[in-house]
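Numbers for residues simply follow the sequence, beginning at 1.
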Amino acid sequence: MPRTEHGSRHTARLMGAIAFTAALIGTAVTIPSAQAATAQVTVDLGRTTGDVMHGANGTLYGLSDDGVPGDELVAPLHMTTVIQKAPDGAQHPNGDALAIKKGYDRNGGGEVHIYMQDVYAQWPYENLGLSDYLTKVDTMVRKVAARPDADDFVWVPFNEPNGNWYPDLGSSDSAKYASALRTFQSDWTTVYKKIRSIIPDARIAGPNETHYDAKLMGDFYPWAKANGVLPDITTWHELGPDSLKDFESHLADYRAIEKKAGISERPVSINEYGNRRDQSVPGQMVQWMSMFERNKVYADQAYWNIAGNLNDNAAQTNIPNGTWWLLRWYAGLTGKTVELDPPQPNTIDTVQGIASLDTARKQAQVLLGGTSGDVNTVIRNVPARFGKKVNVTVERIGWSGYEGAAAPSVVSRTTTQVAKNGSINVPLTGLDAMSAYRVTVNPAGSGSPTAASLPWSTSYEAENATITGGTVYSQGSVTNPYGFATSGTKDVGSLNRSDSKVAFTVDVPKTGTYDLDVFYGNQSGGPATQTLTVDGGSPRTLTYGSTLNWT
């Protein structure tokens with residue numbers, strides 16, 4: 001929730017990093033860190049793991065209305081699923097599954113999953129009894145049944161049942177759990193059969209708990225098979241940081257339940273994933289996306305903040321931020337995925353990645369991120385048809401905040417000799433944990449690639465500056481995943497006194513004119529200002545537009 005005590009209507013809050021390319025002279029502020037041995041990511045182009053699925057690019061309430069966000073942002077992402085509210089639902093003012101469908105189709109969209117209980121206005125959902133719900137179910141399903149594209153919709157009868165109408169599904173009291181399970185099973189059967197009575201071949205997804213619950217899944221699936229009410233798509237949520245280490249064990253447990261019960265493998269959709277500390281941060285999101293793509297499941301980013309901005313991937317209707325570009329890179333993977341071995345599998349906030357090989361295009365791609373420092377990317381079994389030399393391009397997309405525009409930059413372009421064993425080594429140095437990186441390998445031509453030329457830049461953390469009349473706050477982290485992302489998990493707020501000041505001592509290569517970017521938050525509802533002075537020079541006024549909240 002917004003914490004309005006952190007600012008005032010006249011001051012903005014400095015968020016995480018201030019990125020300087022300004023005419024400032026002084027002593028550099030550095031943050032010492034222990035450097036371990038260089039990590040290694042190994043990619044084996046000789047071991048394919050299936051077609052590129054693009055399953056992890058889904059979104060919950062990422063689409064608002066037809067054209068919001070704009071076609072320019074939606075079309076390039078090749079989205080496989082979106083989750084929207086029930087037709088005429090009251091949960092949100094926009095995001096109706098039928099209202100967004102035309103624009104979604106226009107931009108090559110896939111399935112639309114309907115959160116049926118989002119017909120209700122409250123959260124948790126008001127419980128007016130099953131009869132009331134069935135009336136609403138009948139109305140919404142008939143609206144879809146009358147459409148020629150009815151097959152494009154998937155029905156999710158219950159959303160987070162353990163957090164809504166059936167809280168004792170999570171009870172440690174066996175009697176309470178058994179009672180809640182019986183009620184849920186009865187209601188599931190009733191709603192399931194109501195949907196199928198209107199659309200006989202309707203696809204139904206569930207049980208859709210807040211997290212993976214081995215006990216519930218082990219009880220629910222054999223029962224559902226015996227009673228002819230199996231979900232067509234299996235869903236649950238993976239929201240917290242622990243999912244980055246536990247998801248694969250959850251999936252393995254579920255597949256074992258299927259096998260034991262003699263159930264054919266269902267498609268799995270993790271239809272809400274990630275948290276505020278992850279969204280908008282390329283280095284965080286690439287960890288989630290690589291996990292889901294590797295395991296060939298579908299996944300939709302959770303909706304925490306703004307409806308209709310692709311879950312914090314669009315700064316404005318037609319302006320991408322950093323994570324939009326990561327999704328665009330992901331959509332650009334073609335051919336087959338190949339085996340990628342990170343140095344620490346299933347470990348929170350470590351380098352993870354996805355790799356693909358398209359033999360027809362003669363192109364290999366690697367997306368990675370999630371760590372700082374240096375990483376060697378070893379690519380093995382480069383196909384002979386690529387030739388003895390290859391061109392290697394490395395790009396970076398950085399964190400631009402929730403509402404900041406961004407574009408990728410080319411870090412390097414090189415021609416590399418393929419070793420006799422068919423491998424190349426791509427050393428990546430000075431990585432930023434909040435950034436994601438793309439490595440692209442193509443056959444080398446007769447010429448030489450143009451060398452990358454990036455302007456000099458550096459950044460400084462507000463919490464490490466000299467602060468007068470302000471407070472350092474801790475933000476999104478592993479222990480506070482609901483907190484918003486900031487660089488270094490800190491920001492400086494409460495800059496609302498007459499003597500409030502944040503003074504940075506910085507260093508640049510030479511005196512001159514540089515660009516200056518400031519990460520900030522301003523929940524005042526109107527413009528906020530601060531004064532900037534450099535080396536005692538004339539003051540300049542910085543004006544900050546209003547943002548989502550103080551963070």
Side-chain angles (χ1 to χ4, degrees), residues 5-33 315-316 319 321-322 396 398-407 409 430 432 434-435 453-473 475 484-551:
E5 73 275 18
H6 287 185
S8 76
R9 293 191 64 82
H10 307 291
T11 59
R13 193 166 174 193
L14 297 181
M15 307 286 47
I18 290 191
F20 279 97
T21 39
L24 313 179
I25 304 298
T27 304
V29 178
T30 59
I31 305 172
S33 60
Q316 295 180 28
I319 299 177
N321 69 1
R396 169 186 176 270
W399 179 61
S400 59
Y402 294 87
E403 300 178 72
S409 57
D432 167 34
M434 299 186 83
S435 299
S453 178
L454 291 174
W456 175 89
S457 67
T458 191
S459 64
Y460 295 87
E461 298 290 335
E463 63 268 20
N464 296 322
T466 301
I467 301 165
T468 304
T471 303
V472 176
Y473 294 95
Q475 303 298 348
F484 286 84
T486 60
S487 59
T489 70
K490 306 284 186 185
D491 67 3
V492 176
S494 299
L495 297 168
N496 50 7
R497 288 171 22 186
S498 59
D499 63 343
S500 291
K501 181 167 65 174
V502 182
F504 298 82
T505 303
V506 306
D507 191 20
V508 295
K510 62 182 180 180
T511 300
T513 300
Y514 295 80
D515 289 330
L516 167 66
D517 288 334
V518 182
F519 279 73
Y520 76 93
N522 166 30
Q523 195 189 347
S524 66
T529 60
Q530 289 180 322
T531 298
L532 170 69
T533 59
V534 180
D535 293 343
S538 300
R540 298 281 300 274
T541 298
L542 303 184
T543 301
Y544 304 118
S546 186
T547 59
L548 174 66
N549 67 16
W550 293 117
T551 310

Looking only at heavy atoms, which two atoms of [X] and [Y] are closest? And how far apart?
X: Gly545; Y: Asn522; value: O-ND2, 3.2 Å
X: Ser400; Y: Ala405; value: CB-O, 3.6 Å
X: Thr486; Y: Trp399; value: CA-CH2, 3.8 Å
X: Trp456; Y: Asp507; value: CH2-O, 3.5 Å
X: Pro527; Y: Thr543; value: CB-CG2, 4.0 Å
X: Leu495; Y: Thr468; value: CD2-O, 4.4 Å

Hey, does the side chain of [X] reach the backbone of [Y] with a donor-acceptor pair shorter than 3.5 angstrom?
X: Glu403; Y: Leu548; answer: yes
X: Ser500; Y: Gly470; answer: no
X: Asn321; Y: Ala406; answer: no

Q.
Distance alone, cut at 3.5 Å: any donor-acceptor contact between the side chains of Tyr473 and Ser494?
A. yes
Distance from [X] atom [atom1] to [Y] atom [atom2], nearest 0.5 Å?
X: Asp517; Y: Phe519; atom1: CG; atom2: CZ; value: 7.0 Å
X: Ser524; Y: Asn496; atom1: OG; atom2: CG; value: 12.0 Å
X: Asn464; Y: Phe504; atom1: CG; atom2: CZ; value: 9.0 Å
X: Met434; Y: Ser487; atom1: CE; atom2: OG; value: 6.0 Å
X: Leu542; Y: Thr531; atom1: CG; atom2: OG1; value: 7.5 Å

Q) Below 4.5 Å, heavy atoms only, C-beta onward: do Leu532 and Leu516 meet side chain to side chain? A) yes
Q. So Phe484 and Tyr402, would you call those rings parallel, tilted or perpendicular, with 30° and 60° as cut-offs?
A. perpendicular
Q. side-chain hydrogen bond (donor to acceptor under 3.5 Å, both in side chains) with Thr547: which residues, sequence neighbours excluded?
A. none
